[in-house]
J.: 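Can you keep this structure in mind? I'll have questions shortly.
Note on naming: letters A, B, ... go to the chains in the order of the sequence lines (proteins, then strands), and numbering restarts at 1 for each one.
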Amino acid sequence: MSGQSGEKRAGEKGAGERRADSYAGRRVVVTGMGAVTPLGVGHELNWKRMVKGESGVAPITRFDASTFDVRIAGAVEPLPRVPEDDDFEELGIHSRFALTAAREAWADSGLADANTPPERIGVFVGSGKGILHIQRLVEGMKAALIKRGVATRDFDYPAFLKRAAETLSGPRRREERYHQAGTHVARAVGAAGPNWVCITACAAGNHALGEAWWSIRRGDADVIVAGGTHSQLDSMSVSGYSTLGALSERNDEPERASRPFDRKRNGFVLGEGSGMLVLEELEHAQARGARIYAELVGYGNTADAHRVTDPHPEGVGAEGAMRHALRSAVLEPPDIDYINAHGTSTHQNDFGEAQAIERIFGPRGEAPPVSSVKSMIGHLIAAAGAVEAIACVHALQDGVLPPTINYENPDPECALDFVPNESRQVPIEYAMNNSFGFGGQNIVTIFKRWDG
Amino acid sequence: MRRRVVVTGLGAVSPNGIGTEEFWKATLAGESGIAPIEAFPTDGFEVRCAGEVTGFRAQDYVKNRKSLKIMGRNIRFGVAAARIAVEAAGLAEAPPAEQRFGVVMGSGIVPTDVEEVGAAVLESLDDERNFDLKRFGKSGQKLLHPLWLLKHLPNMVAAHISIQHGARGPNNTIVTACSASTQAIGEAARVIERGDADVMIAGGSDSRIDPLSLVAYTLLGAVTTADRPAAELSRPFARDRDGFVLGEGGACMILEDEAHAKARGATIYAELAGYGSSFDAEGVTRPSMDGAHAARSMTLALKDAGMSPSQIDYVSAHGTSTVLNDLMETNAIKLALGDDARRVPLSSIKSMIGHLIGAAGAMEAVASVLAIRDNAVPPTINLHEADPECDLDYVPNEAREMKVGAVLTSNFGFGGQNAALVIREYEG
């Protein structure tokens, strides 16, 4: 379908013109950030380590993975503690990450001392399937699996019920709900405005930022704490991704396993963590004298509608999302100075993404530099896009591009400038942040340097 | 000028009827879809009845049979409801420009299927029947279907729907529990309003009628364990209500830019005029009983629609049949509608189909549109003696024929997320 892009583009331009003036009045800026990643807790610390090209990938210690095909991951160790630990019997790991990042971002923004009405403060979180507690499930199930067969009719329900009460108790169940992180964050910052949790897989964190941008521009809120949180570092999930063939099995060299765009890439490394940004309406931020990090100026969203197992091979959906974001920002491709790639280190994603970038921005030399911080922290799934947005904001502020580490073997099919192995000093004005979800949801945001 | 959003197609797969008209006919007739559970033996369970969708054939709605393998029950309901809605809207013959055609679905936790993981679990038990992670890693996990994870990613409902209909525009999945699909419809309308799409498939699907979920909900104490005939278990606003009944199903609507719908000569059922959402910061496990936060979502939806309470003819209630919700909701409606609360009839279709969680709001929105189309509002069945503190007009037991020009429909999530929609008769 990609061949007819000329005609399609013409059709889409009309929509872009309509869009450009629809909510033109309100602008959205970033006034606070918080990050929890395999490189540590704190957005400044994360940025320092990314600029140095450090890796947070290591052997899995959270569970005994010794017999697994995949034994490495980007884990957050030790797990951060939060005040909610005193109130909740067992806080979900993704809730813990979200609360830590959101509290950091909230403190960073200085909004605690502002008198913004709670009704004007929203929370948009990208989240995902939480920890699958297989041992607990098994405790309930094993008593029931008494017969040879495993069909439902062979399941001994009374035996199961006896054990289930011990294994599926209330608080634990509650934490497994996808939207629980949104609930916790809203309570932590005192937000009573729009509250929304999406689960568009690897695109969710960036998706929350894009929708929050619209919501503030529309006037539904003045401040939105937006981002993503995720932890799937459990035996079932690692097994699930592994049997899908999506994970790198470079177990002997954990720090070198995530190698986006490298010819010898062989899958992504599962990471975990959270990124949260405080997005604020410009005049609201200026009126309270807030420090402004950057402006969020564009957002695009498309679906591949291809297959649930694979992204579109030529990145048609990814291309559409980047073009959509450019239109919404009223920008042309040459305006973009840096692309923070989705760059997962799987063969398919990186190929499709590089192709899509080339179709829009031209070949190496014309296209802006592209890098993937997943080379350092792994793939944080629902949190990835938000942490990467934080990297974009720092890149704009400092005029430094984070590197793609482990880039050793150029892939002739991915022939762009990937900022290999070392960060680069170069002043930039616009940074594009790509996130493409498993299942085909493509999200792109664009940030602009704030010059005051 | 804000782009107006209209409804041009509906789809329902409900415990009391598969197909939009089947669902609506049963609902107006006060027919309950709640019955003893057939999916698995419930001996020993405290809860033995639910709003199960029976006689559903997923293959009737999915062209590529192979993809059924990676569609869990919740996905199948969503895909079926979307297909019914797309066909009703006449989009099957005349699909919109693919990047102007999107999907937003509400979804919930995907239950773990005992059959699916049973073999792997058995293989991973050591000699003393303890789970051994080493064995799981070595041989147990090999017995899982290689694509099993895909059935468990809740964004797959919207992903499958986008593939089935070539919808390459904005795609989203919202998971805010009981208000997820209400938010999905509201957010989809915003996508059209701001110009990012012309046509959106919006709704929700959910299925939790499985042993693990049933136990979990029973432990939570939210589901009724009363000893009554199945059809009488869900009794919103009744004095003797004591919990909700789990339901399952899928519901979708086609939302469309008004000009786009007119240009293609589509049948316009109604206008989606307003959407509001709010968060109840006190209510993580129980709602704030004064209903102030819930009321705020309704007030915001009215404001968004540019309407006053006096213009609302019917309220489609969340009405779960729990003691707390129904009382809180009564208070919230009084706050949001003021003096008009006494005048406006409200009812809960959960009395007939149970609580569809991630699909509840969408099913209620579909019913709201049909109430406008047919000038008839569905009843709250099993309401013979109302709670004295629930003192509004709940349309007890019998549907009512009346002029329905505008409906307010709202849902309140377990976790504190509240959402409300205003749907009104379309006037060109």
J.: Against chain B, label A/Asp304 side chain, backbone, both or neither, depending on which of its atoms sit under 4.5 Å from a heavy atom there.
T.: backbone

J.: Is chain A contacted by the side chain of B/Glu187, its backbone, both, or neither, given a heavy-atom distance below 4.5 Å?
T.: side chain

J.: Less than 4.5 Å to any heavy atom of chain A: does that hold for the side chain of B/Ile161, its backbone, both, or neither?
T.: neither

J.: Measure up the A/His207 and A/Trp196 rings against each other and bin them: parallel (under 30°), tilted (30 to 60°), perpendicular (over 60°).
T.: perpendicular

J.: Go through the structure and list residues passing side-chain contact (heavy atoms from CB on, under 4.5 Å) with B/Ala180, not counting sequence neighbours.
T.: B/Thr176

J.: Which bit of B/Ile174 is near chain A, if near means a heavy-atom gap under 4.5 Å: side chain, backbone, both or neither?
T.: both

J.: So what's closer than 4.5 Å to chain A heavy atoms on B/Leu144: side chain, backbone, both or neither?
T.: side chain

J.: Between B/Ile70, B/Thr173, B/Leu214, B/Val175, which residue shows the highest count of heavy-atom pairs closer than 4.5 Å to chain A?
T.: B/Val175

J.: I want to check a possible cation-pi pair here: A/Arg217 against A/Trp214, using under 6.0 Å from ring centre and within 45° of the ring axis as the test.
T.: yes

J.: Top residue by heavy-atom pair count (under 4.5 Å) with chain A, among B/Ala158, B/Gly276, B/Pro146?
T.: B/Pro146

J.: Once the angle between the rings of B/Phe101 and B/His165 is folded into 0 to 90°, is it parallel (under 30°), tilted (30 to 60°) or perpendicular (over 60°)?
T.: tilted

J.: Can a donor-acceptor pair be found between the side chains of A/Ser239 and B/Gln141 at a distance below 3.5 Å?
T.: yes

J.: Taking side chain as everything from C-beta outward and backbone as N, CA, C, O, which of these in B/Asp304 sits under 4.5 Å from a heavy atom of chain A? Side chain, backbone, both or neither.
T.: side chain

J.: Between B/Asp206 (side chain only) and B/Gly358 (backbone N and O only), is there a donor and an acceptor less than 3.5 Å apart?
T.: yes

J.: Given that the side chain runs from C-beta out, which part of A/Ser66 has a heavy atom under 4.5 Å from chain B: side chain, backbone, both or neither?
T.: side chain

J.: Measuring heavy-atom distances to chain B, does A/Glu119 have an atom under 4.5 Å in its side chain, in its backbone, in both, or in neither?
T.: both

J.: To the nearest 0.5 Å, tell me how far A/Asn301 CG sits from B/Asp196 CG.
T.: 7.5 Å

J.: Relative to chain A, which of B/Ser107, B/Gly108, B/Gly166 shows the most heavy atom pairs under 4.5 Å?
T.: B/Gly108

J.: B/Tyr275: which residues meet the ring pair (Phe, Tyr, Trp, His ring centres under 6.0 Å) condition with it, sequence neighbours left out?
T.: none

J.: Which of parallel (below 30°), tilted (30 to 60°) and perpendicular (above 60°) describes A/Phe438 and A/Tyr241?
T.: perpendicular

J.: Please indicate whether B/Lys142 has more than 12 foreign heavy atoms, meaning atoms of other residues, nucleotides or ligands, lying under 6.0 Å from its NZ.
T.: yes

J.: Check whether A/Arg218 gets within reach of chain B through its side chain, its backbone, both or neither, counting any heavy atom under 4.5 Å.
T.: side chain

J.: Between B/Ala419, B/Ser297, B/Pro170, B/Ser277, which residue shows the highest count of heavy-atom pairs closer than 4.5 Å to chain A?
T.: B/Pro170

J.: Among A/Gly439, A/Ala305, A/Gly320, which residue has the highest count of heavy-atom pairs closer than 4.5 Å to chain B?
T.: A/Ala305

J.: Do A/Ser95 and A/Gln180 have a side chain donor and acceptor closer than 3.5 Å?
T.: no

J.: Check whether A/Ala191 gets within reach of chain B through its side chain, its backbone, both or neither, counting any heavy atom under 4.5 Å.
T.: backbone

J.: Between B/Leu153, B/Asn172, B/Asn418, B/Leu150, which shows the greatest number of heavy-atom pairs under 4.5 Å with chain A?
T.: B/Asn172

J.: Relative to chain B, which segment of A/Asn442 carries a heavy atom at a distance below 4.5 Å: side chain, backbone, both, or neither?
T.: neither

J.: Could you have a look at B/Ala97, B/Ser278, B/Ala159, B/Pro154 and say which one has the most heavy-atom pairs with chain A under 4.5 angstrom?
T.: B/Pro154

